[in-house]
Amino acid sequence: MHDIYAAQRVCGFGTTIFSEITRLAMQHQAINLGQGFPDFAGPPWIKQAAAAAIAADLNQYAPGIGLPRLRAAIAAEWSRRGWYDVNPDTQVTITSGATEALFATAMALIDPGDEVICFEPFYDAYVPDITMAGGIPRYVRLYPPRLDLPHQDLPAQSTWWFDPAELTAAFTPRTRLIILNTPHNPTGKVYSQAELQQIAALCQQYNVIAVSDEVYDQIIYTPARHIPLATLPGMWERTLTINSTGKTFSLTGWKIGYVVAPDHLTHALRQSHQWITFAIATPLQEAMAIALEQAASNGYYAELQAAYLERRDLLWSILKNAGLPPLPVQGSYFIMADIARLGFTDDLAFCRWLTSEIGVAAIPPSAFYAREQTVDTLRQPEPLLARFCFAKRLDTLRAAAERLERLTGRIERDPS
Ligand SMILES: Cc1ncc(COP(=O)(O)O)c(C=O)c1O
């Protein structure tokens, strides 16, 4: 029976796992390595720019499509990185974070009954966005880098990977969109050129539009290299690239996101965006314009990457020493760790226990898988993992290490 106070499109949603784990973390004073946000301050020069913008009275509605200065800075960034000569007036739109960008895109491009492909595990907003627009999600599995893989004929993979045959099978004449996320949350995978080429070829064969969520494009670890899907031959015309300055500048609460797309897709996106948020906080847009302008030459990106590399390596060794083997991370600020040896049969129970009994919060990756499994995906069950976020001060990570030491003794040791 439907809740008579909620529309059908929302009544099945429930509360997100992030709210539950955050509440539990607060209740038990756990160190929160669950939700993905930095616990350190954003750059002072960007905060000063926002304060100056408020003092200068940039406090009324911005143009709906975004401040010209910010759109110009984004276009300049695309040129600087050698990606595309973007027109800031007709090909860049500022949104309330990547979250609104995703929702506005779904509303602008999906008709009821359209199929939308996403890789599973997926960032949790994708599926509600698809279904609220009346679309039907189709899942393609990303498999973890393990040796016990079902596809013996594929070369051993050192990162998360998908089966090209499964991807091809997901495309049908009803496919409207594919949603890609690189670098990927929650796995830390960065799609390779060869993988992007396979996706691009199928998009062109089936006349499918790609939505590429690239919010972690600046949080990447060599030798991995970020390649925007839109830069592949034949893809600019059919790709919307979504980004979020919140991740790049460690100011997630400002919610300044953006979409770069060709004129016709930008036009469609703006049609829905104008009725969703209309315009985004003016002084924060001004400050993010200054952030992008200055970061291009002040060494900020190199510092960001070095700092994240140190945090990644620290959390990686902490998890390893605690008996939770971590999987490789090429990008983003998340590590997936193998929890199988703790004797739990489901990741939610493990994460609740870790938060309340050990005092370290993590997110159960089952939140990033579709509930109704198809027969196809059931042939390999979800791996038993937990997602830990390392967008945290080194002190926070070290404090978590002390608590994770309590796991020693509970780990089922390998018989070897
Ligand atoms: C893959 C991915 N896409 C989108 C978002 C949302 O970004 P924003 O905070 O800019 O709305 C996040 C935030 O965690 C994310 O991890």
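Numbers here are sequence positions counted from 1. None of these values were measured; they are calculated from a predicted model.
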If you look only at distance, which donor and acceptor atoms sit under 3.5 Å apart when one is on a side chain in residues 55-64 and the other is two or more places apart or in another chain?
unit_1	atom_1	unit_2	atom_2	d
Asp57	OD1	Asn59	ND2	2.9
Asn59	ND2	Ile54	O	3.0

Quick one: do [X] and [Y] make a salt bridge, cutoff under 4.0 Å?
| X | Y | value |
| --- | --- | --- |
| Asp111 | Arg176 | no |
| Glu293 | Arg69 | yes |
| Lys247 | Asp217 | no |

Please list, chain by chain and in numerical order, all residues satisfying salt bridge (Lys or Arg N to Asp or Glu O under 4.0 Å) with [X], sequence neighbours excluded.
| X | result |
| --- | --- |
| Arg311 | none |
| Asp124 | none |
| Asp263 | none |
| Arg403 | none |

* What residue pairs, at least two apart or across chains, pass side chain to side chain donor-acceptor pair (under 3.5 Å) with a residue in residues 24-46? ->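 Pairs touching residues 24-46 that pass the test: Asp39-Thr396.
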Listed by chain and number, what are the ring-ring contact (aromatic ring centres under 6.0 Å, His included) partners of [X], not counting sequence neighbours?
| X | value |
| --- | --- |
| Phe390 | none |
| Tyr258 | none |
| Tyr333 | Tyr216, Tyr308 |

Output a table of donor-acceptor pairs, distance under 3.5 Å, between side-chain atoms of residues 198-205 and any protein atom two or more places apart or on a different chain; print 'none' if there are none.
unit_1	atom_1	unit_2	atom_2	d
Gln204	NE2	Ala200	O	3.3
Gln204	NE2	Pro233	O	3.1

* Asked: Considering the options Asp347, Thr187, Asn185, which one meets the side chain to side chain donor-acceptor pair (under 3.5 Å) requirement together with Arg387?
  ->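 When Asp347, Thr187, Asn185 are each tested with Arg387, the side chain to side chain donor-acceptor pair (under 3.5 Å) holds only for Asn185.
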* Asked: Between Thr99, Thr95, Thr245, which is the residue that forms a side chain to side chain donor-acceptor pair (under 3.5 Å) with Lys255?
  ->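 In the set Thr99, Thr95, Thr245, the residue that makes a side chain to side chain donor-acceptor pair (under 3.5 Å) with Lys255 is Thr99.
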Gap between atom [atom2] of [Y] and atom [atom1] of [X] - 0.5 Å precision:
| X | Y | atom1 | atom2 | answer |
| --- | --- | --- | --- | --- |
| Gln305 | Ile219 | CD | CD1 | 8.5 Å |
| Ile178 | Leu167 | CD1 | CG | 5.5 Å |
| Thr241 | Trp83 | OG1 | CH2 | 8.0 Å |

* **Residue pair Tyr221 / Gln330, side-chain heavy-atom distance below 4.5 Å** =>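 When only atoms from C-beta onward are counted, Gln330 and Tyr221 do not touch, as no gap falls below 4.5 Å.
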* Leu33 and Leu397, any side-chain heavy atoms less than 4.5 Å apart ->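 Yes, side chains in contact.
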* Are the ring centres of Tyr139 and Phe119 closer than 6.0 Å? ->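 No, the ring of Tyr139 stays outside the 6.0 Å limit from the ring of Phe119, centre to centre.
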* Asked: Of all heavy-atom pairs between Asp338 and Leu385, which one has the smallest distance, and what is that distance?
  ->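 The pair with the smallest heavy-atom distance is CA-CD2, 3.7 Å.
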* **Qualifying ring-ring contact (aromatic ring centres under 6.0 Å, His included) pairs with a residue from residues 345-364, counting only residues at least two apart or across chains** =>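 Listed by first then second residue: Phe344-Phe350, Phe344-Trp353.
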* Please assess Val116 against Arg138 for the test side-chain contact (heavy atoms from CB on, under 4.5 Å), listing each intermediate value before the final yes or no. => CA-CA 6 Å; Val116 180; Arg138 296 279 180 238; over 6 Å; no
* To do: For Glu20, check side chain to side chain contact (heavy atoms under 4.5 Å, CB included) against everything at least two apart and list the hits.
  =>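 Glu20 satisfies side chain to side chain contact (heavy atoms under 4.5 Å, CB included) with Ile17, Arg23, Arg352 only.
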